[in-house]
Amino acid sequence: MSLSERIEKFNSAYDPKKVEHAIYTRWEESGFFNPDNLPERHVEPYSIMLPPPNVTGTLHMGHAAMLAIEDVLIRFERMRGKRTLWLPGTDHASIATQSKVEEILSKKENTTRHVLGRDAFLDQVTAFARESHDTIVSQVKKMGSSVDWSREAYTLDETRHHAVHTAFKRMYDAGLIVQGNRIVNWDPKGQTVISDDEIIYKEETTKFYYFKYGPFTIGTARPETKFADKYVVMHPDDVRYKEYTHGQTLEVEWINGPLTATIIKDGVANPEFGTGVMTITPWHSTIDFDIAERHKLEGEQIIDKYGKLLPVAGEFAGMKIKDAREKIVEKLAAKGLVVSVEENYLHNVATAERTGATIEPQVMKQWFVAVTKEFTIPHSEIPGIPSGSRTTLKDIMRSAVESGATHIMPERFEKIYFHWINNLRDWCISRQIWFGHRIPVWYRGEEIYCDVTPPEGEGWEQDQDTLDTWFSSGLWTFSTLGWPEQTKDLATYHPTNVLETGYDIIFFWVARMILMSGFHLGTIPFKNVYLHGLVRDEKGRKMSKSLGNIINPLDMIEKYGADATRISLIIGAAPGNDTKLSEERIRGYKHFANKLWNITRFVVENRAHTDSVVTQEEDKKLLEEFNTVARETTAHIEAFRLDLAADTLYHFVWHRFADVIIEESKPILRGDNATAQASRQATLFALLVDSLKLLHPFMPFITEEIYGSISHPNAPLLMIEEWPTM
RNA sequence: GCGCGCUUAGCUCAGUGGUAGAGCAACUCGUUUACACCGAGUGGGCCGGGGGUUCGAAUCCCUCAGCGCGCACCA
């Protein structure tokens, strides 16, 4: 490009729309997103697995932040000479995607999955997922993400399917995946079981009833579960009830007539609460179930899968529990069994994260990952877990972080992580959902067969359930690299360097990956966990459709460019802190992009001699000052303080380079000292070029575009230029 | 109930023992050639309250208050 052409090019304001698409195409065509194609200087492997977005629709600002942060890390390390792999993919997100399609079917075609049948329904979901996938891919590209598309993965594709079945089989053989009749969280709306982590507790004010139960007064918020309560529980040391002995029976008059009650003494009964006496409903309460297990008591199902009362409820059978409650109380009142009613009882109600329905605990036969069961780990590189030792999945999860092998940032989340592990119960992994990995277990009469492939012979029927979507996500760091095959990629890129994701899925995902990688590979899945905060609106509220405060990343890219959108999500976003984003902020960073553009115009216009060198002391000082900025920036990125790194650069480029250095250069450039003039020209050019390099990870499009216009014709892409290190 | 954070300029936030900072906003001034998507400047803070340690505290300790989050949950 000639001088006049260059000046012409920079004569109008920067327009991201004119350049971004072409730049991304050049990057893709260069092949450098794929580490196999990087030049020889790129030796040491560095890998990040993209947290796969759900194929449920489109990307939001949270995704944009994730893509921006990870791309900064990857581009930084690539320029520093690492052999960088950033592997993209998508997640089938079983429940989320299935309910989305069910919603569409219900609204648009007024039909349900049951009408369609399993196969036809799955065809619809698959079509929806494919479309959603294509949208996501185009959005990821618009953000400028330098992911290796040649290695793209999907949690439900063939390779991952094989990985999931293999993982299940190996854990089943080790006795860590077990089937059992246990109390689980039943979502009556979603018609599936969910795990403890998929529950959200919501505060609710309700009535609390005291009923006469034989000689006792018992309290409950849920009269509709009480029909078959035949055990009365009290604390062994409660002096008020010392005349009653454990195992003693007595006749009591109850809702539907007399029944024989048995006294149970158990420490969980809190003498301070109510009267200190309770009856238990083992089938529909976790606590009660535990008591029943301890004392080997019987339980009976009272409520069915649809939230309706069963025949045990007598005249109330078939009623919805909500409708039945008051009527049951009326009947008890008529029998003189109501002692009192407390009107404003505040308690927490378990609801399903996805459907919002109130969880109904039920005893059901489901599959579980046993987290506290001991097994012998054949091979382990995790500090604190020797190869061949007896250990548990819980211990693996704890040791990986406790030992520092995996470091969670910000560190306060390590405490939250340990707290969660300490309270962790077995992970329920079966779902009564159609979309997902079908459980690789087959039944024939009393026989059970578990393997990667179906059994030979007649009469086998596969388990109807699918796996919790986090089961396949848990394998992500290594299923993406071709596991269970011992691939070259697996040997090269695992454990990964950084797992970057939102703090809201630390338990769902981060912990499960540590579990899976620990068991199947005997390694940690990643060395660093970088948790970013939630992107909120300018008032700090969550972005949601109902509030109408959603800022769509694509709109912002359209209006202000991808670079401005990216850097607005990075500056001011310290690890783990929520970010407040406003359109005004993004506009501000578009101004910054334009500033950079205009700096270039000035430097190019004033660069008569491209071969001049820096000779003046004053200029050398300026370059030294820049070195300090480069060192600071590098240190900040290494410490995962991308916000401070970007802020440092913003400040230097605008308020030092543009406002001071360029202003002070004007007299020199217009003066008659040719030596000083040439030296200053070279200095400004060097400052510009190196600023572009430092800014590239944050604002890849504009920096690449400028670099391509001002560097010599044979210069490589800026994306693989060397990071300025001093 | 157990645990974890946060509270610094109007707003968003840096700052972890040594004279209070940035961006945005506000106000004033300025358009002879990098840029009005601009520049020069100005104002603005008992660093949540109280106590302690220290020569010295926004920073360390204790305590209180408000806000937020995680886990558990009482029948």
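Keep in mind that what you see is a predicted model, and the values were worked out from it rather than measured. Lettering follows sequence order; numbering is per chain, from 1.
In this structure, of B:A72, B:G70, B:C74, it is B:C74 that holds the atom nearest to the side chain of A:Asn270. In this structure, the nucleotide among B:C71, B:C37, B:G70 sitting nearest to the side chain of A:His591 is B:C37. The nucleotide whose nearest atom lies closest to any side-chain atom of A:His419 is, among B:A14, B:G70, B:C74, B:G70. Here the nucleotide nearest the side chain of A:Phe507, chosen from B:C37, B:A34, B:C71, is B:C71.
Note: CG (A:Leu644) to C1' (B:U16) measures 14 Å, nearest angstrom. Distance A:Asp647 CG to B:A14 P: 11 Å, rounded to the nearest Å. Atom CG of A:Asn594 and atom P of B:C37 are 9 Å apart (whole Å). Spacing between atom CZ of A:Arg585 and atom P of B:A25 amounts to 13 Å, rounded to whole angstrom units. In this structure, A:Tyr503 places its OH atom 15 Å from P of B:G5, rounding to the nearest Å. Straight-line distance from the CD1 atom of A:Ile421 to the C1' atom of B:A72: 16 Å, rounded to whole Å. The distance from atom CG of A:Asn348 to atom C1' of B:C71 is 12 Å, rounded to the nearest whole Å. The distance between atom CD1 of A:Ile408 and atom C1' of B:G5, rounded to the nearest whole Å, is 16 Å.
For B:A34, its base sits under 3.5 Å from the side chain of A:Glu663 at one donor and acceptor pair at least. A donor-acceptor contact under 3.5 Å is formed by the side chain of A:Lys595 with the base of B:C35.
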Please report the C-alpha distance between A:Lys331 and A:Asn256 in whole Å, then the side-chain angles of each, then the deciding distance to 0.1 Å, and finally whether the side-chain hydrogen bond (donor to acceptor under 3.5 Å, both in side chains) criterion is met. CA-CA 9 Å; A:Lys331 184 171 181 191; A:Asn256 290 332; 2.7 Å; yes
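Residue contacts for A:Lys666: at a heavy-atom cut-off of 4.0 Å it reaches a base atom on one of the strands shown. At the heavy-atom level, A:His636 lies nowhere under 4.0 Å from the strands shown.
Ring centers of A:Phe626 and A:Phe652: under 6.0 Å apart, within the cut-off. Taking the ring centroids of A:Tyr213 and A:Phe211, they lie at or beyond the 6.0 Å cut-off. Centroid-to-centroid, the aromatic rings of A:Tyr244 and A:Phe216 come within less than 6.0 Å.
Of the side-chain N and O atoms in A:Lys580, one or more sit less than 4.0 angstrom from OP1 or OP2 of B:U12. Here A:Arg641 reaches the OP1 or OP2 of B:G15: one of its side-chain N or O atoms lies under 4.0 Å away. At the phosphate of B:A14, OP1 or OP2 sits under 4.0 Å from a side-chain N or O atom of A:Asn577. For A:Arg670 and B:A34, the shortest distance from a side-chain N or O to OP1 or OP2 is below 4.0 Å. For B:C71, neither phosphate oxygen OP1 nor OP2 lies less than 4.0 angstrom from any side-chain nitrogen or oxygen of A:Tyr201.
Heavy-atom contacts from other residues, nucleotides or ligands closer than 6.0 Å to CD of A:Glu638 number more than 12.
Both A:Phe592 and A:Gly572 lie close to RNA chain B; mapped to their nearest nucleotides by heavy-atom distance, the more 5′-ward contact belongs to A:Gly572.
Of all heavy-atom pairs spanning A:Trp597 and A:Glu705, the tightest one is CZ3-CG, 4.1 Å.
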